[in-house]
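Notes to accompany the following structure.
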Amino acid sequence: MSTAWTIPTGTHAAVLGLGVDRGKRVVPNSELVAAIDSSDEWIQQRSGIRERRWVGPDEDLVTMSLAASQAALAASSVEAAQIDAVIVATCTWTMQTPSLAAKLAYLLGTQAPAAFDISAACAGFCHAVGIANDMVRSGTARYVLVVGAELLSEMTSRTDRGTAFIFGDGAGAVVIGPSDVPGIGPVVWGSDGEQFDAIRQSVDWRDVLAEEEPTMPYIAMDGATVFRWAAYQMAKVAQETLDRTGIRVEEIDLFVPHQANMRIIDAMARAMKLPEHVRIARDIADQGNTSAASIPLALARMYADGEAKSGDLALLIAFGAGLSYAAQVVRVP
Ligand code: UT7
């Protein structure tokens, strides 16, 4: 009997390298408050955000994704030609089709890899890491480039009091490849479609076309609903992730949650009873909430600040529109 179809057993996967790119324009709260009748004090107290990064004149989703991907490849010592698949998590690529991943794969000089975008909003990066982990472990791919990239300044209303101050622009990328030891734990993920409308594109594209003077749809959000869901439900998901991975909270070094709101981060840390030694990502203060890009950007900041080092165990947890969530433990490169 033929044995042509061989499924490798015992292959592990790990994150091999990380790269990021932040929007270059620094936008302080003072620049936004007049249009939403707010104050620097209110924004800092309710969200922990002092300033955010938006794209400068020569930047967009493609330039940020490309820069982050090139940095991730260099950090991994993996050539673009070795990449078997490119997965981009984004909710701000404005082409319905083709994917940003296909364009990025071409610009990077890869050799015709599988390339596709996924739509899981702020939870997209952890979804993509979970998919890439399974692809490498099953033998579907050897090296997978995972990118979280967002240009939210373009899809944020300057006059919406609930969102104008929250979002930022940036991209983060990791290369995931084979490893002798497990480097990525099982993903715990899910969605609550009953809260489908809690974070949404303000207007369906069909309705945009029906407008007399069509304008770009914005991200709309029932902030308090999302806040309550995230603050109370996500700590349970984080604990389930540790349980599924088979480690105790004392064994993690880094907690890298989606950078949605500093108060949500604090509430989760309290609910999980994180030990003193666990370093907590707080990139949101001067980057803003960058949706699918926020976890890799926050991890990069931890390296830059000397809080993360190679080999640390990090608990990642992402959540957002859907409402959807995904979490896993990774050993950082
Ligand atoms: O990344 C995807 C996931 N997203 C999130 O996780 C975001 C979750 N939500 C949040 O981060 C928070 O809900 C916000 C930061 C968006 C808002 O904070 P909040 O504490 O939930 O404020 P709120 O909407 O409950 O409003 C509280 C008060 C209201 O006034 P009264 O009724 O108490 O007098 C609002 O009118 O604050 C007022 N308010 C503002 N005041 C100054 C609302 N927006 C503003 C504003 N400036 N921008």
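Ligands are counted one by one from 1 in listed order, and the atoms in each one are counted from 1 as well. FYI, side chains are in, hydrogens and waters are out, and symmetry mates aren't considered; it's all heavy atoms of this structure. Remember, predicted model here, so these are calculated numbers, not experimental data.
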- May I ask you to list the atoms of ligand 1 that are less than 4.0 angstrom from any heavy atom of His258? 1 (O), 2 (C)
- Task: For Glu194, look at atom CD and say whether over 12 heavy atoms of other residues, nucleotides or ligands are found less than 6.0 Å away.
- Result: no
- Which bit of Ile166 gets closer than 4.0 Å to ligand 1, counting heavy atoms only: side chain, backbone, both or neither? side chain
- Measure the acute angle between the ring planes of His258 and Phe319, then classify it against the limits of 30° and 60° as parallel, tilted or perpendicular. perpendicular
- Task: Mark up the atoms of ligand 1 that fall under 4.0 Å of a heavy atom belonging to Gly223, in ascending order.
- Result: 8 (C), 9 (N), 13 (O)
- Message: List ligand 1 atoms under 4.0 Å from Ile199, heavy atoms only on the residue side.
- Response: 2 (C), 3 (C)
In a table with atom names and distances, give each donor-acceptor pair under 3.5 Å that connects a side chain of residues 27-49 to protein atoms at least two apart or in another chain.
unit_1 : atom_1 : unit_2 : atom_2 : d
Asn29  : OD1    : Arg52  : NH1    : 2.9
Asn29  : OD1    : Arg52  : NH2    : 2.7
Asn29  : ND2    : Asp40  : OD1    : 2.8
Asn29  : ND2    : Ile49  : O      : 2.8
Asn29  : ND2    : Arg50  : O      : 3.3
Glu31  : OE2    : Arg25  : NH1    : 3.1
Glu31  : OE2    : Arg25  : NH2    : 3.3
Ser39  : OG     : Trp42  : N      : 3.0
Asp40  : OD1    : Gln44  : NE2    : 3.2
Asp40  : OD2    : Gln44  : NE2    : 3.3
Ser47  : OG     : Ile43  : O      : 2.6
Ser47  : OG     : Ile49  : N      : 3.2

- Item | For Asn289, the ligand 1 atoms whose distance to one of its heavy atoms is below 4.0 Å | 1 (O), 2 (C)
- Query: Just heavy atoms, cut-off under 4.0 Å: does Trp42 contact ligand 1 by side chain, backbone, both, or neither?
  - Reply: side chain
- With heavy atoms and a 4.0 Å threshold, my read on which part of Cys122 contacts ligand 1 is side chain
- So is Gly162 in contact with ligand 1, going by heavy-atom distances below 4.0 Å? yes
- Note on the structure: A student checking ligand 1 against Arg263 at a 4.0 Å heavy-atom cut-off should list atoms 20 (O)
Between side-chain atoms of residues 306-314 and protein atoms elsewhere (two or more places apart, or another chain), which donor-acceptor pairs fall under 3.5 Å?
unit_1 : atom_1 : unit_2 : atom_2 : d
Lys309 : NZ     : Asp312 : OD1    : 2.9
Asp312 : OD2    : Arg279 : NH2    : 3.0
Asp312 : OD2    : Lys309 : N      : 2.9

- ligand 1 atoms nearer than 4.0 angstrom to some heavy atom of Val226 are 3 (C), 4 (N), 5 (C), 6 (O)
